Amino acid sequence: MGGGRKRRRRRDGTEAPSIHPRNRYAAAALDFAALAELYPSFRPFVSVSERGRASVDFTDFSATRELTRVLLLHDHGVNWWIPDGQLCPTVPNRSNYIHWIEDLLSSNLIPPISSSSGRVRGFDIGTGANCIYPLLGASLLGWSFVGSDVTDVALEWAKKNVESNPHLAELIEIRNANAVSFPYESEAVVKEDVSENISEPAEDAAMQKPSILAGVVKESESFDFCMCNPPFFESIEEAGLNPKTSCGGTAEEMVCPGGELSFVTRIIEDSVSFKNSFRWFTSMVGRKANLKLLISKAREAGASVVKTTEFVQGQTARWGLAWSFIAPRNLVVRSSTPARNHHSFMLQGLRREHGAFQVLKSTEAFFRASDLSCKTDTLSFSVDVTLSDEQAEATILHGDDYAGSLEDSSAKLQSVVKGISFRITVFEQIPGTLLIKGSLINKALSGNLRVSCDYWHVS
Ligand SMILES: C[S@@+](CC[C@H](N)C(=O)[O-])C[C@H]1O[C@@H](n2cnc3c(N)ncnc32)[C@H](O)[C@@H]1O
């Protein structure tokens with residue numbers, strides 16, 4: 001629907017995160033006019049400019065909700081509704097988190113948990129009235145879910161949204177985390193970390209805090225993953241207010257004492273008791289400063305693997321944090337090239353305490369093993385990798401993503417395939433965190449070739 005999406009760059013020149021390539025909204029912008037044509041109830045919310053451009057007023061909650069409703073129905077076959085004021089999810093944004101989990105599950109880094117059946121099973125902490133992650137995960141990928149929440153309205157409407165979809169109903173169970181409320185044991189740790197920001201007395205709040213995993217997950221249960229879009233904010237004023245959109249969201253949905261740092265810290269603390277019951281623990285995180293703190297907390301808690309990503313989320317940055325306690329399956333360096341014009345590789349099994357130098361040497365060794373020529377500069381911590389003309393031609397011309405016939409593409413590309421080389425640079429950010437960047441040396445090729453690297457921290 002509509003025109004293609006362009007890759008965006010930030011002011012500092014780094015590439016902004018892009019929509020997940022498997023996201024069904026990755027290829028083209030939403031075509032509001034076409035949706036309005038198909039769904040009369042959506043028509044009043046679409047205005048058309050003099051130039052014929054259809055748009056939706058995202059500051060209008062009713063418009064945002066109707067768009068979500070028609071997208072879920074049209075693209076996912078899901079019947080859905082929420083009452084006024086409840087948090088209204090943006091379907092393309094929420095889909096990115098689902099696909100990231102799909103990537104985590106399909107990676108070989110850690111083995112499946114022994115009790116996993118054929119069907120992927122997830123736990124959505126704070127599923128909300130909208131129940132969006134279970135509905136998307138079940139309809140897109142056939143996953144089964146337990147979705148938990150604590151408010152009456154969320155529990156009632158999440159159940160309604162499941163029941164309105166008999167084809168998915170068997171896959172989704174909604175649980176009340178309030179039913180197992182008890183004082184939270186590790187409050188001292190949370191209080192210490194966030195005390196400056198807490199807006200109400202932490203001890204009172206602790207006495208009322210419902211459980212997150214403890215007591216909600218049953219004893220013999222196991223899950224492939226948990227996910228969470230936590231209440232990000234410490235006060236409703238802070239939640240307030242993106243004037244550019246109206247996605248609703250009540251105080252119960254958006255706010256908790258200590259904000260997301262406290263909430264995700266509690267998930268991390270709970271995860272220690274459930275280390276053998278979940279393959280991956282994950283959460284969304286709204287602030288980069290919190291992401292760094294939470295990475296450290298996951299490591300301190302003994303996670304064997306910690307992984308992060310950045311999500312495309314409109315104007316707002318959001319991150320994904322994943323951790324696992326399961327021992328990594330293999331200690332190897334391996335490549336993964338889903339499309340030949342996207343040259344990506346993954347460094348696995350490097351010990352966490354390995355510094356930039358060892359990572360640089362592993363990178364070099366990986367490319368040498370693939371018969372590529374490498375020049376390492378230990379002063380700038382970079383390795384320049386050059387493909388022979390034959391390797392370059394094979395890389396580009398057989399790219400799965402390349403549009404057009406092989407003959408056409410061959411003619412077009414002969415002039416540009418010579419001399420592909422790219423530079424991998426290893427940066428030490430905060431101690432214990434390495435950033436590995438791949439960039440093309442010949443910028444003229446950037447339309448045809450992408451280089452990326454994931455570095456898996458393993459302790
Ligand atoms: C930001 S909303 C997310 C809703 C939905 N998952 C989404 O992405 O739109 C956070 C949800 O967490 C719920 N919540 C708060 N504390 C919880 C707890 N201890 N266990 C489960 N859910 C909780 C809130 O009621 C709210 O519905």
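Throughout, residue positions are numbered sequentially from 1 according to the sequence presented. For ligands, and for the atoms within them, numbers begin at 1 and follow the listed sequence. Everything numeric here is computed off the predicted structure, so don't read it as measured data.
Within ligand 1, the atoms closer than 4.0 Å to a non-hydrogen atom of P210 are 19 (N), numbered from 1 in the order shown. The ligand atoms of ligand 1 that sit less than 4.0 angstrom from a heavy atom of T151 are 25 (O). Of all atoms in ligand 1, numbered sequentially from 1 with element shown, those under 4.0 Å from a heavy atom of Y133 are 8 (O). Remark: ligand 1 atoms within the under-4.0 Å shell around heavy atoms of N130 are 5 (C), 7 (C), 9 (O). Close contacts of ligand 1 with I212, meaning ligand atoms under 4.0 Å from a residue heavy atom, involve 19 (N).
At a heavy-atom distance under 4.0 Å, no atom of V216 approaches ligand 1. Here F232 has no heavy atoms under 4.0 Å from ligand 1, in either its backbone or its side chain.
Taking OG1 of T308 as the reference point, atom CH2 of W323 lies at 12.5 Å (rounded to 0.5 Å). Atom-to-atom distance recorded for L67:CG and L35:CG is 7.0 Å, nearest 0.5 angstrom.
Checked by atom type and distance alone, the side chain of N79 never pairs as donor or acceptor with a backbone atom of N165 at under 3.5 Å. In this structure, the side chain of R53 does not engage the main chain of V48 through any donor-acceptor pair within 3.5 Å. A donor-acceptor contact shorter than 3.5 Å links the side chain of W80 to the backbone of N130. One N or O on the side chain of R279 and one on the backbone of I110 form a donor-acceptor pair closer than 3.5 Å.
Ligand 1 lies less than 4.0 angstrom from a heavy atom belonging to F263. Residue contacts with ligand 1 include P230, since one of its heavy atoms falls under 4.0 Å from the ligand.
Nearest-residue assignment for atom 2 (S) of ligand 1 (options E253, E252, M284; heavy-atom criterion): E253.
In this pair, F311 and Y97 present their aromatic rings tilted. The plane angle is within the 30 to 60° band. Relative ring orientation between F274 and F278 is described as perpendicular, the plane-to-plane angle rising above 60° on a 0-90° scale split at 30° and 60°.
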Next on the checklist: Set out, in order, the CA-CA distance, both residues' side-chain angles and the distance that settles salt bridge (Lys or Arg N to Asp or Glu O under 4.0 Å) for R69 and E66, then state yes or no.
Outcome noted: CA-CA 5 Å; R69 190 187 78 76; E66 187 59 19; 3.0 Å; yes
Item to check | Test log, rule salt bridge (Lys or Arg N to Asp or Glu O under 4.0 Å), inputs E221 and R175 | outcome: CA-CA 14 Å; E221 275 185 315; R175 275 186 208 166; 2.6 Å; yes
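Annotation: atom 3 (C) of ligand 1 to nearest protein heavy atom, N229 O, 3.3 Å. Distance from atom 21 (C) of ligand 1 to its nearest protein heavy atom, with residue and atom name: S148 OG, 3.5 Å. Among protein heavy atoms, the minimum distance from atom 5 (C) of ligand 1 is reached at T127 O, 3.3 Å. Atom 19 (N) of ligand 1 has S211 O, 3.0 Å as its closest protein atom, hydrogens excluded (heavy atom only). Atom 14 (N) of ligand 1 has V150 CG2, 3.8 Å as its closest protein atom, hydrogens excluded (heavy atom only).
By the 3.5 Å distance cut-off applied to N or O atoms, R94 is counted among the residues near ligand 1. Annotation: D149 places an N or O atom under 3.5 Å from an N or O atom of ligand 1; distance criterion only. Below 3.5 Å of separation, one finds an N or O of G126 facing an N or O of ligand 1.
Checked against a 6.0 Å centroid threshold, the rings of Y39 and F32 do not count as neighbours.
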